[in-house]
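Okay, so here's the structure we're looking at.
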Amino acid sequence: MSRLTRRAGRGRGLLAAIAAVGIGIAAQAALAAETITVEPADAVGTRPLPMAAHGRVVADGTDLRRQWPGSYFDTAFRGADVFFKLGAGDVALRILVDGQPVAALTKPRPGFYRVRGLGAGQHSLRVAVASESQAGATVFGGFFAAPGTAAAALPHRGRQIEFIGDSHTVGYGNSSSKGECSQDEVWATTDTTRAFGPILASRYGADFQINAISGRGVVRNYNGFKADTLIEAYSYALFDHQTPVQPQGSNPQLIVIALGTNDFTTALHDGEKWPNRDALHADYEATYARFVRSLRARHPHALIVLWATDMANGEIEAEAGKVAAALAAAGDRRVAFLPVDGLGFTGCHGHPSLADDATIAAKLAGVIDRRADVWRR
């Protein structure tokens, strides 16, 4: 999923061949999370470990810069002492050992961090980004082995999913206990690692990539604000309209898209390019269909699922449904449409909650499970 795999022993900062890899290493023993610590430490004498970077990343010397949500970084090793390095940028991270969460870091300072308290044997380590990073890129500097710790092979995961969308796909404020939130509270309660995308990917043992930006739409952003729409930003690895995506290694069997919330949940304003709602509808339908056709050209065998909520008095569902119907009528038999009704929207600012994320994932799984050929190449 556009992942860069870095191998130890091939030169610092060398980005090796892209591979489909994942975390799925069986734990040697049950983890006792309370015995594992993650804390700043001196990493003198360590050496780089193999790494798989999932999501859109840009190599910057020995570091990787990322900005799209849901990025995660995996390594595997034998031993009980391992480090990772963080660079600049405000970020919330979830640390998982052998697939189990052991620590959360909120706006950690740059530097090396040591994971201690592991039992002997083979382990996997994941550093996953939970926060959104529209304000700027953040930096991950890789994994490092302490003396006595050895690299282990990164396992292969053949299943890949790409999620494309807006704040609903990001997981905007999904862990909040209230609807009215300050911007600091939104940032603190956004947890992409527990949004519907990672839930669905975990169900199928798939690697995933999340290409979503809160507030962005197909042709119109929330309340008409000026910035790249999601579709305009999609071609770039960072939100700079300059750094192109390097798509090598991205070959999803499943693409899940939810776009339209920001196009339709607010009224048109004087000065916007659409004279009326009908013109907005026509632009949305044509642009969305063209975008899906571009994805189809790159991924001819993928199942593409468009889903939409019943927000905006059903306008979003109706418009997204028209796009799916037009694509099917044109002969694309691997496009499906899923209306998702009845969500609670109790997250920040009327966004889906963690419970809603679980519901969305379950409804998507219902579509996927009816297609026996989804995971075939």
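All figures in this text were calculated on a predicted structure; none of them were measured in a lab.
- Side-chain atoms of Glu162 do not come within 3.5 Å of backbone N or O of Pro252 as any donor-acceptor pair.
- There is no side-chain donor-acceptor pair under 3.5 Å between His351 and Asn174.
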#### Entry: From CA spacing to verdict: side-chain contact (heavy atoms from CB on, under 4.5 Å), Tyr234, Val245
CA-CA 8 Å; Tyr234 182 82; Val245 169; over 6 Å; no
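- To the nearest 0.5 Å, atom CG of residue Leu49 and atom OG1 of residue Thr75 are 4.5 Å apart.
- The cationic atom of Arg216 (NZ for Lys, CZ for Arg) does not lie both less than 6.0 Å from the six-membered ring centre of Tyr172 and within 45° of the ring axis.
- Using modelled atom types, one side-chain atom of Asp240 and one backbone atom of Thr243 make a donor-acceptor pair closer than 3.5 Å.
- Taking the six-membered ring where the residue is Trp, Tyr72 and His54 present parallel rings, their angle staying beneath 30° rather than reaching 60°.
- The salt bridge (charged side-chain N to carboxylate O under 4.0 Å, His left out) contacts involving residues 131-148 comprise nothing, where partners must be two or more places apart or lie in separate chains.
- Within a 6.0 Å sphere centred on CG of Asn313, heavy atoms belonging to other residues, nucleotides or ligands number 12 at most.
- Judged by distance alone, the side chain of Thr192 and the main-chain N or O of Val170 form a donor-acceptor pair under 3.5 Å.
- In this structure, Phe264 and His281 have perpendicular ring planes: the angle between them is above 60°, well past the 30° mark.
- Remark: the backbone N or O of Gly344 is paired with a side-chain donor or acceptor of Asp356 at under 3.5 angstrom.
- Residue Tyr284 holds its OH atom at 13.0 Å from CZ of Arg220, rounded to the nearest 0.5 Å.
- Between His123 and Phe77, the ring-plane angle classifies as tilted under the 30° and 60° cut-offs.
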### Query
Taking it one step at a time, do Phe196 and Trp307 satisfy ring-ring contact (aromatic ring centres under 6.0 Å, His included)?
CA-CA 12 Å; Phe196 72 85; Trp307 71 272; 5.3 Å; yes
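- Screening Phe144, Phe143, Phe83 against Phe112 for a ring pair (Phe, Tyr, Trp, His ring centres under 6.0 Å) leaves a single residue, Phe144.
- No more than 12 heavy-atom neighbours from other residues, nucleotides or ligands sit within 6.0 angstrom of OH on Tyr222.
- Of the inter-residue distances, the one linking Leu327 atom CG with Ile304 atom CD1 reads 8.0 Å to the nearest 0.5 angstrom.
- For the atom pair Leu200 CG and Leu254 CG, the distance stands at 6.5 Å (nearest 0.5 Å).
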### Task
Evaluate the side-chain contact (heavy atoms from CB on, under 4.5 Å) criterion for residues Val323 and Leu306: first the C-alpha distance (whole Å), next the side-chain angles of each, then the deciding distance (0.1 Å), finally the verdict.
CA-CA 9 Å; Val323 173; Leu306 312 186; 4.0 Å; yes
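- Using a cut-off of 4.0 Å between Lys/Arg side-chain N and Asp/Glu carboxylate O, Asp373 and Arg376 are scored as not salt-bridged.
- With rounding to the nearest 0.5 Å, the separation of CH2 in Trp375 from CG in Leu303 is 9.0 Å.
- At least one donor-acceptor pair under 3.5 Å links the side chain of Glu272 to the backbone N or O of His269.
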